Amino acid sequence: MDRRVKADVKALNNWEGYWIDGERNTSTSDFVWTDGYTTGNSALDSSNAEFSYKDHLWTEDENCLIAAKFPNSQTINDVSCNNAIGVWGAVCGYQLN
């Protein structure tokens with residue numbers, strides 16, 4: 001992750017972050033990349049990504065991704081594609097691997 005983005009993310013509250021490319025294909029649970037930069041899924045393992053699949057109320061699917069501040073060493077979280085609470089912008093051209 002770019003040094004400037006890491007500094008910005010550290011200033012956020014836990015679970016807040018910036019949109020990054022990737023939308024979950026709900027029939028396979030794989031992420032589809034559309035930015036032309038991202039390939040593969042190596043950055044999405046559990047040591048780096050936290051996937052709950054649903055919001056904290058279990059009412060909304062979380063099929064999009066953010067680079068987020070966590071209370072641990074992870075940096076990627078799945079979030080609702082329709083709800084921007086805790087999302088402060090977007091990171092363009094961010095390559096995950």
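All values reported here derive from a predicted model rather than from experimental measurement.
- Summarising the geometry of Glu62 relative to Ser52, their closest heavy-atom pair is OE1-OG, 2.6 Å, with the distance given to 0.1 Å.
- Closest approach of Asn48 and Ala43 over heavy atoms only: ND2-O, 2.9 Å.
- Side-chain contact check for Tyr18 versus Leu12: some heavy-atom pair is nearer than 4.5 Å.
- Looking at Arg24 and Asp78, a side-chain N of the basic residue comes within less than 4.0 Å of a carboxylate O on the acidic one, giving a salt bridge.
- Using a 4.5 Å cut-off on side-chain heavy atoms (C-beta onward), Glu50 and Trp15 make contact.
- The two residues Leu65 and Ile76 have their closest heavy-atom pair at CD2-CG2, 3.9 Å.
- The same ILVMFWY cluster, assembled from side-chain heavy atoms under 4.5 Å apart, contains both Ile20 and Trp88.
- Counting heavy atoms from C-beta on, the side chains of Asn14 and Pro71 come closer than 4.5 Å.
- Using a 4.5 Å heavy-atom threshold, the side chains of Tyr53 and Asp61 count as separate.
- Here the shortest heavy-atom pairing between Ser47 and Ser73 reads O-OG, 4.2 Å.
- Between Phe31 and Asp21 the shortest side-chain heavy-atom distance does not fall below 4.5 Å.
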*When you look at Glu23 and Cys81, which way does the side-chain contact (heavy atoms from CB on, under 4.5 Å) test go after all the steps?*
CA-CA 8 Å; Glu23 185 169 353; Cys81 300; 4.1 Å; yes
_side-chain contact (heavy atoms from CB on, under 4.5 Å), that's the test. Do Asn82 and Glu60 meet it? Break it down for me._
CA-CA 9 Å; Asn82 302 317; Glu60 197 164 354; 3.5 Å; yes
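- The shortest non-hydrogen separation linking Glu16 to Ile66 is C-CD1, 4.3 Å.
- Both Trp33 and Phe51 belong to a single network of hydrophobic side chains, linked directly or stepwise wherever heavy atoms of I, L, V, M, F, W or Y lie under 4.5 Å apart.
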